[in-house]
Amino acid sequence: MTNGRPDGKLPAERHRGPVRFRRGQVEPDAATTDQRLLDSGGPTDWLHTDPWRVLRIQSEFVEGFGLLAELGPAVSVFGSARTGAEHPEYQQARQLGAALARAGYAVITGGGPGAMEAANRGASEAGGTSVGLGIELPFEQRLNDWVDIGLNFRYFFARKTMFVKYAQAFVILPGGFGTLDELFEALTLVQTRKVTRFPVILFGERYWSGLLDWIRDTVLPEAKIGAADLELIRVTSDVEEAVSLIVNADAHRSAQELNENAAHAESESAGAGDAQ
């Protein structure tokens with residue numbers, strides 16, 4: 001007996017990079033990876049395979065990180081693409097974008113029309129940085145004309161990461177399913193402490209009152225959330241109050257980080273003294 005087999009024969013085997021195929025999974029005449037790469041002819045189905053998608057996903061993260069890493073303080077603003085330019089909510093979003101820019105924040109939106117356009121417009125008109133992170137959709141949607149820095153994504157989850165990673169707060173304007181998706185994802189990340197000290201502000205008390213009543217009167221009594229979870233949400237219809245909530249949260253975060261750094265330095269100094 002050799003190799004642990006009664007007949008001493010090794011199973012058929014073929015390698016494809018780090019992947020190993022044996023027995024019935026071996027394709028005797030399969031082309032090598034280099035051969036497929038250098039062959040200019042043949043089908044193009046490989047463009048749509050999962051391994052190729054991984055590279056596209058990776059490229060979206062690289063592009064997003066590279067574009068936004070030096071953005072500075074920013075706030076992600078969400079709202080309906082269907083909000084008309086004459087609607088009061090459009091004007092409020094425009095005022096919000098301007099107020100955030102004056103407070104020193106870049107404004108990040110989904111780059112579309114409606115409330116997103118309004119927030120980008122306000123930021124750009126106020127001399128701030130206006131960012132649009134678009135998404136490939138079945139229907140044509142271009143980045144709005146008020147986006148100064150824009151990037152289009154294929155994948156929602158790569159785009160969502162950028163909204164969270166490079167923002168100090170979320171402001172949620174009245175919107176539909178996409179806006180609700182961003183709202184509840186943000187709340188989940190804060191609740192589970194995947195992100196910390198991150199204000200989530202619902203803008204427009206009338207619009208959000210029914211949802212808040214349902215959370216308070218149904219979700220909480222049935223113990224689907226805790227009482228402390230209600231404190232994760234801030235609600236206002238005032239632009240200056242929304243900006244103030246963000247600025248105050250930033251100041252609190254900075255003070256807390258200073259205290260934590262001082263405590264860490266003191267602990268290290270005490271440890272060094274004990275070692276001597």
Side-chain angles (χ1 to χ4, degrees), residues 74-84 86-97 99-100 103 105 107-110 112-119 122 133 135 156-157 159-253 256:
V75 174
S76 289
V77 179
F78 301 96
S80 176
R82 304 182 184 190
T83 302
E86 303 305 319
H87 198 286
E89 290 171 1
Y90 185 100
Q91 301 308 319
Q92 288 179 319
R94 185 176 172 185
Q95 293 166 14
L96 174 67
L100 287 169
Y105 295 96
V107 171
I108 305 173
T109 78
M116 293 175 281
E117 174 188 293
L133 304 180
I135 186 70
F156 268 110
F157 55 85
R159 178 180 181 243
K160 284 171 177 287
T161 300
M162 305 306 151
F163 283 131
V164 176
K165 180 172 175 59
Y166 294 105
Q168 276 66 56
F170 273 11
V171 180
I172 315 293
L173 302 167
F177 288 158
T179 303
L180 291 170
D181 176 51
E182 299 294 351
L183 164 62
F184 284 109
E185 179 174 41
L187 290 175
T188 301
L189 290 171
V190 177
Q191 182 196 49
T192 57
R193 299 184 183 178
K194 296 297 184 182
V195 296
T196 56
R197 302 183 291 273
F198 190 98
V200 179
I201 301 167
L202 297 181
F203 192 91
E205 292 170 288
R206 181 196 61 79
Y207 186 85
W208 297 111
S209 61
L211 175 64
L212 292 170
D213 287 344
W214 173 71
I215 292 174
R216 189 181 300 110
D217 299 337
T218 301
V219 181
L220 180 61
E222 294 194 13
K224 301 301 189 289
I225 61 171
D229 293 331
L230 289 175
E231 301 302 315
L232 302 177
I233 307 171
R234 294 289 182 267
V235 190
T236 183
S237 296
D238 182 79
V239 168
E240 296 306 323
E241 183 181 2
V243 175
S244 179
L245 286 169
I246 295 167
V247 171
N248 291 340
D250 254 356
H252 178 73
R253 177 166 55 246
Q256 191 168 9

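Worth knowing before you read on, the calculation uses all heavy atoms, side chains too, and leaves out hydrogens, waters and symmetry mates. Sequence positions, counted from 1, serve as the residue numbers for this chain. This one's a predicted model, so the numbers in the text were calculated from it and none came from an experiment.
- In plain terms, the two heavy atoms of I108 and Y166 that are nearest each other are CD1-O, 3.8 Å.
- Separation of atoms CZ (F198) and CD (Q168) is listed at 8.0 Å; rounding is to 0.5 Å.
- Checked by atom type and distance alone, the side chain of Y207 pairs as donor or acceptor with a backbone atom of G175 at under 3.5 Å.
- Note that the CG atom of L211 and the CG atom of L180 stand 7.0 Å from one another [nearest 0.5 Å].
- Separation of atoms CD1 (I225) and CG (L230) is listed at 4.5 Å; rounding is to 0.5 Å.
- Side-chain contact between L232 and V190: present, with at least one pair of heavy atoms (C-beta onward) separated by less than 4.5 Å.
- Shortest non-hydrogen contact noted between W208 and L173 is CZ2-O, 3.3 Å.
- The two residues A227 and L220 make their nearest non-hydrogen contact at N-CD1, 3.6 Å.
- Note: R234 CZ to I246 CD1 = 12.5 Å, rounded to the nearest 0.5 Å.
- For the pair D217 (side chain) and W214 (backbone), a donor-acceptor distance under 3.5 Å is absent.
- The minimum heavy-atom distance between V247 and A103, with the atom names listed, is CG2-CB, 4.4 Å.
- For N248 (side chain) and S244 (main-chain N/O), a donor-acceptor pair under 3.5 Å exists by modelled atom type.
- Between L202 and L212, the closest side-chain pair of non-hydrogen atoms falls below 4.5 Å.
- Rounding to the nearest 0.5 Å places CG of L96 at 10.0 Å from OG1 of T236.
- With hydrogens and angles ignored, the 3.5 Å screen pairs a side-chain donor or acceptor of S209 with a backbone N or O of R206.
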Next on the checklist: Apply side chain to side chain contact (heavy atoms under 4.5 Å, CB included) to residues V77 and F170 and explain how you reach the verdict.
Outcome noted: CA-CA 6 Å; V77 179; F170 273 11; over 6 Å; no
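- Crowding of F157 atom CZ: a count of heavy atoms from other residues, nucleotides or ligands under 6.0 Å exceeding 12.
- For the pair S76 (side chain) and F163 (backbone), a donor-acceptor distance under 3.5 Å is present.
- Atom CD1 of I201 sits about 4.5 Å away from atom CG of L245, to the nearest 0.5 Å.
- Across all non-hydrogen atoms, the minimal contact from E205 to V235 is CG-CG1, 3.6 Å.
- Not a single donor-acceptor pair under 3.5 Å links the side chain of E117 to the backbone N or O of G112.
- The backbone N or O of L133 sits less than 3.5 Å from a side-chain atom of R159, completing a donor-acceptor pair.
- Salt bridge status for K160 with E182: present, with a side-chain N to carboxylate O gap under 4.0 Å.
- A99 and V243 get closest at one heavy-atom pair: CB-CG2, 3.7 Å.
- Looking only at distances, a side-chain donor or acceptor of T188 sits under 3.5 Å from a matching main-chain atom of F184.
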